[in-house]
Number of protein chains: 2
Amino acid sequence: MRATIRDVAKAAGVSAATVSRALNRPDLVDPETLERVRKAMEEMSYQPSAIARGLSARRSDTLGLIVPGITDFFFNELYKGIDRASQQYGMKVLLYDSEHSRERAFEGFSILSGYQVSGIIFTSKLVTEDYDPILQRLNIPVVLTLTQSAAKTPLTAFRIDEVRAMFDVVAYLVSRGHRQIAMIAGKLWDDRTGELRLEGYREGLRHFGIEYSEARVEFGQYRFDDGYQAMQRLLDRIREVPFTAVCTASDEMALGAIRCLNDHGYRVPDDISVMGFDDLPIARMVTPRLTTVAQPFHEIGAEAVKWLVRAASQPPSPSEIGDYLLPHRLVERESVRSMN
Amino acid sequence: MRATIRDVAKAAGVSAATVSRALNRPDLVDPETLERVRKAMEEMSYQPSAIARGLSARRSDTLGLIVPGITDFFFNELYKGIDRASQQYGMKVLLYDSEHSRERAFEGFSILSGYQVSGIIFTSKLVTEDYDPILQRLNIPVVLTLTQSAAKTPLTAFRIDEVRAMFDVVAYLVSRGHRQIAMIAGKLWDDRTGELRLEGYREGLRHFGIEYSEARVEFGQYRFDDGYQAMQRLLDRIREVPFTAVCTASDEMALGAIRCLNDHGYRVPDDISVMGFDDLPIARMVTPRLTTVAQPFHEIGAEAVKWLVRAASQPPSPSEIGDYLLPHRLVERESVRSMN
DNA sequence: TTGTAGGCGTTATCAC
DNA sequence: GTGATAACGCCTACAA
């Protein structure tokens, strides 16, 4: 059996209350006593029960994280930021995979709150109005990352300016002499991000006086195979609707697109240029290295944690609640050719 | 404030004990009462406190997972297997990243046990004798994945037959007509895996009557850059020590090696063949698609959970404790050329 | 079948 | 500075 606070107390010749204080408010306890208690803890290799602590203090030093899919490539990066920041605050992270299901996401809030998490980070899926009832009952802070809210409950979110990011992509492509630019956009039923990036693409074209054509746009669900197939469709009509560059809504789709291009004898970037989006670690490992937009995953994760920790100690004022846009960055590598 | 078991009890006109039973042993409660209680829970959207439950029942329906690094590419795959299986058993997973530090790994056991986890999965680092004291005090089951134990405490582990796997790689390469086979092996201070794979390589060579040469072996810490640099060193002496194929200890290093080869004007597999190890999702996304050894990550994760759940209910007999080797599989794709 | 009571390991509020 | 003592929300004998 593990030693409890009472065991330590007995060994140190003090009361449990004193041991508790030694742990939480060492400044309130006599240095000598403190020393005795610490020695006792050491000797018994005492580890306070986070469970009991959580029950009693009504907090658990634990953060809940709801992700749509653990295998989504960006997850690791986001998680890294979250984990690092959590540690700084002495927090643990409890992970919940909603498996892209809305019902499971709902359940996630409920279950995590059963663990007394002091806050919940919700990721990458649009929060719609049907989340409101759940959000209302929840008496713990929630923060969004890589997505935003369309619900009534005010929610703060950390993400990039999606529209602007894709606008920048177009601008970059144009600066490299491309005018016939296709897009493999993202589309998921509960995903706003895809639309925003598409909007950025359209704005970019408009800004540079390039006509938008539906025939140059295909959609995919962000994964490799989606990118492959979307490119396949684009290629099917390349004669009628030619393009020299393709921008995509994810690195993974970019890889799929490149693979498809290769399979059809096109070289990247010599024949056709491809742009990714995300700047995942693999982006620099493939040939050609992917030119892409870097999302500040780590920072976003860290900011989310910071926000939650802060919100737990003092409820944020309404003016502090809202969307925070973190800077993205265009990373130039090898998958785009200059036509100039 | 969230509803407690007492609130539900009051609403349903029963005692808290009955609500508890309705939750845990519905068979012991009158169907009508059960119905009333369930309705009350529904209406109040009652979610039992996992914390209180854990404290009282001395179990938490939570599994602890200690990984050396959250950003290690294989992690997602392992986690997926663990998460899926955990769900089946109604378990949550608490993640702890030891950041490749032994001290943090020690701490991980302690912290996780403070969360009353019903078991701990330890990943991919060799468990040495200095873990013994910690392991001894721990009164919860521990299972190893993707690694093994060199400690005194008997521990069960799920992994592949590393030696055999690399032997198979060599055999495959030989069957494709390669005789000059280099290796980029793995090396980490607390890693036995690297040695085993190297051993398999040597055994393979020996079996096919090929002389082993230290000059054909380089080491790396499994990451992309390590693979790149190791290949660089191999290339530096390719005149004196030629090779037509390279096997590696990880897909990531294989990617690095390929990238290095490309940078020096070698084509893969036309000029030099490269084999990966792991079969991560990216293996099929790159050009050339990686020929590699598939580790059964999902199964290993699932088995680990199953074992833990079982061990929690009834302590495993000594004969059940040990190494379980799961089958690996050689996946033939495009990065190896046939010389025949 | 259901209720009462005690306890799980902490923390927090009081006195002392 | 320190020690009782009462929660925290649930589970589990035991009694009814």
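The shown structure was predicted, so the numbers you read here are calculated from the model rather than taken from an experiment. Note on naming: letters A, B, ... go to the chains in the order of the sequence lines (proteins, then strands), and numbering restarts at 1 for each one.
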Within the structure shown, what part of the strands sits under 4.0 Å from B:Ser49 by heavy-atom distance: base, sugar-phosphate, or nothing?
sugar-phosphate

So, under a plain 3.5 Å distance rule, would you say the side chain of B:Arg58 forms a donor-acceptor pair with the base of C:dG9? no

Just by distance, with hydrogens left out, do A:Tyr222 and A:Asp72 show a side-chain donor and acceptor under 3.5 Å apart? no

No-hydrogen, no-angle side-chain donor-acceptor test under 3.5 Å, B:Ser45 and B:Arg2: no

task = Flag yes if more than 12 heavy atoms outside B:Arg310 fall under 6.0 Å of its CZ atom; otherwise flag no.
result = no

When rounded to whole Å, the OH to P distance for the pair A:Tyr115 and D:dC10 reads 13 Å

A:Arg2 CZ to C:dC8 C1', in whole Å, measures 12 Å

message = Taking 4.0 Å as the cut-off, does a side-chain nitrogen or oxygen of A:Arg53 come that near to OP1 or OP2 on C:dG9?
response = no

message = Checking side-chain polar atoms at under 3.5 Å, does B:Thr145 have a donor or acceptor matched by the opposite partner on B:Thr123?
response = yes

Whether B:Lys306 and B:Glu303 form a salt bridge (side-chain N of Lys/Arg under 4.0 Å from carboxylate O of Asp/Glu) is what I want to check. yes

Per atom distances to the B:Ser15 side chain, the nearest of C:dT4, D:dT12, D:dG3 is C:dT4

Donor-acceptor side-chain pairing of A:Thr153 and A:Asp132 below 3.5 angstrom = yes

A:Asp7 atom CG is separated from C:dT10 atom C1', nearest whole Å, by 13 Å

Taken to the nearest whole Å, NZ/A:Lys10 to P/D:dT2 is 20 Å

Picking from D:dG9, C:dT13, C:dT10, the nucleotide nearest the side-chain atoms of A:Arg21 would be C:dT13

Whole-Å distance, B:Ile5 CD1 to D:dA7 P, equals 18 Å

A:Val14 has its side chain closest, among D:dG3, C:dT11, D:dG9, to D:dG3

Scan side-chain atoms only and decide if A:Tyr115 and B:Ser60 contain a donor-acceptor pair under the 3.5 Å cut-off. no

Against the side chain of A:Ser56, the closest entry in D:dG9, C:dT2, D:dA7 is D:dA7

Rounded to whole Å, the CG-P distance (B:Asp61 to D:dC10) equals 14 Å

Note: contacts of residues 22-44 of chain B with DNA chain D (heavy atom, under 4.0 Å) are B:Asn24

Review point. Are the charged groups of B:Asp190 and B:Lys125 less than 4.0 angstrom apart, N to O?
Key: yes

Rounded to whole Å, CG of A:Leu55 lies from P of D:dC10 at a distance of 9 Å

Do the side-chain N and O atoms of B:Ser110 and B:Arg137 include a donor-acceptor pair separated by under 3.5 angstrom?
no

With five pairs defining each end axis, the helix from C:dT1-D:dA16 to C:dC16-D:dG1 comes out bent, to 10°, by 40°

Short side-chain N/O contact from B:Tyr46 to OP1 or OP2 of D:dC10, under 4.0 Å
yes

Here the distance between atom C1' of C:dG9 and atom CD of B:Gln116, to the nearest Å, is 9 Å

query: Between B:Thr18 and C:dT2, is there a side-chain N or O to OP1/OP2 distance below 4.0 Å?
result: no

*asked:* Does B:Lys80 form a salt bridge (charged side-chain N to carboxylate O under 4.0 Å, His left out) with A:Glu99? I'd like the steps, not just the answer.
replied: CA-CA 11 Å; B:Lys80 181 159 194 171; A:Glu99 294 178 321; over 6 Å; no

Review point. With respect to the phosphate group of D:dG9, does any side-chain polar atom (N or O) of B:Thr4 fall under 4.0 Å of OP1 or OP2?
Key: no

